Amino acid sequence: MLILLMMLLIGILAGIWGFMMCFLPAQWDRLTQAIGGPTPRWMYPGPKRLAPIIKLVSRAAGMIICTGGCWFAYTAAAEIYRVLVR
C-alpha cells in the first residue's frame with residue numbers, strides 16, 4: 001500500500017510539473033531557478049529571448065510529462081481503490 005501511495009504522489013507531482021512547464025512557463029522558470037540554488041555568473045541568461053523552436057519543444061515536453069504523470073497517478077489511484085474494495 002505504501003508503494004501505491006508513493007506512486008500516487010509521484011504521479012501528482014509529475015502532472016503538476018508538466019502542467020507548469022507547458023502552460024505556465026514563467027512560473028516554471030522561477031521554480032526551477034529557486035530549486036537550483038545560486039548559479040554562477042556565466043549561467044545567467046542574456047537579454048536574448050528563447051528561439052520559438054525551443055519554446056515549442058519545451059511546451060511539448062511539458063505536455064508529455066503532464067500526460068505521463070496523470071496516467072501514473074490514475075493507475076496508482078485505481079490500484080489503491082482496488083486494494084481497498086477487496
Side-chain angles (χ1 to χ4, degrees):
M1 188 66 163
L2 183 61
I3 292 173
L4 292 174
L5 289 173
M6 293 304 293
M7 280 179 60
L8 182 64
L9 179 66
I10 289 170
I12 290 170
L13 290 175
I16 292 170
W17 188 266
F19 181 83
M20 285 183 66
M21 189 175 173
C22 185
F23 297 110
L24 306 169
Q27 287 83 357
W28 181 74
D29 284 338
R30 283 194 300 248
L31 179 66
T32 54
Q33 287 174 359
I35 290 172
T39 56
R41 288 183 59 86
W42 61 271
M43 291 182 69
Y44 286 120
K48 291 184 178 180
R49 296 175 59 181
L50 287 177
I53 189 73
I54 301 294
K55 288 182 183 180
L56 179 67
V57 169
S58 178
R59 297 243 171 130
M63 184 62 77
I64 292 169
I65 292 169
C66 182
T67 304
C70 290
W71 174 80
F72 205 73
Y74 170 76
T75 304
E79 288 296 320
I80 289 171
Y81 177 75
R82 202 171 74 161
V83 166
L84 291 176
V85 169
R86 251 195 264 176

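This is a predicted model, so every value here is computed, not measured.
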S.K.: Taking all atoms of both residues into account, what is the closest heavy-atom pair of I65 and A14, and its distance?
M.R.: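 Closest approach of I65 to A14: CG2-O, 3.5 Å.
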S.K.: Measure from the side-chain N and O atoms of S58 to the backbone N and O of I54, and report whether any donor-acceptor pair falls under 3.5 Å.
M.R.: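 It does not hold such a pair.
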S.K.: Where is the tightest heavy-atom contact between C22 and G62, given as atom of each residue plus distance?
M.R.: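 Shortest heavy-atom contact: CB-C, 3.9 Å.
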S.K.: The test is side chain to side chain contact (heavy atoms under 4.5 Å, CB included); show your working for L84 and M1 and say whether it passes.
M.R.: CA-CA 9 Å; L84 291 176; M1 188 66 163; 3.7 Å; yes
S.K.: Does one hydrophobic cluster hold both I10 and Y74, with members joined at side-chain heavy-atom distances below 4.5 Å?
M.R.: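 No, it is not one cluster - the side chains of I10 and Y74 are not joined through contacts under 4.5 Å.
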S.K.: Quick check for you: to the nearest 0.5 Å, what is the distance between L4 atom CG and L9 atom CG?
M.R.: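 Answer rounded to 0.5 Å: 12.5 Å.
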S.K.: Around atom CD1 of I53, are there more than 12 heavy atoms from other residues, nucleotides or ligands closer than 6.0 Å?
M.R.: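 No, the 6.0 Å shell around CD1 holds no more than 12 heavy atoms from other groups.
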S.K.: Going through the distances and angles, do W17 and W28 end up as a side chain to side chain contact (heavy atoms under 4.5 Å, CB included)?
M.R.: CA-CA 8 Å; W17 188 266; W28 181 74; 3.4 Å; yes
S.K.: What's the spacing between R86 CZ and Y81 OH if we round to 0.5 Å?
M.R.: 12.5 Å
S.K.: Supply the atom-to-atom distance M21 CE to D29 CG, rounded to the nearest 0.5 angstrom.
M.R.: 9.5 Å
S.K.: Are I16 and F23 linked, directly or through intermediate hydrophobic residues, by side-chain heavy-atom contacts shorter than 4.5 Å (ILVMFWY only)?
M.R.: yes
S.K.: Any chance you could measure L13, atom CG, to L8, atom CG, to the nearest 0.5 Å?
M.R.: 9.5 Å
S.K.: Do you know which two heavy atoms are closest between A73 and I12, and how far apart they sit?
M.R.: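 So the minimum-distance heavy-atom pair works out to CB-N, 4.0 Å.
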S.K.: Does I3, at its CD1 atom, have more than 12 non-hydrogen atoms belonging to other residues, nucleotides or ligands within less than 6.0 Å?
M.R.: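 Counting neighbours around CD1 of I3, 12 or fewer heavy atoms of other residues, nucleotides or ligands fall under 6.0 Å, so no.
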S.K.: Indicate the atoms forming the closest heavy-atom contact of F72 with M7, along with that distance.
M.R.: CD2-O, 3.4 Å
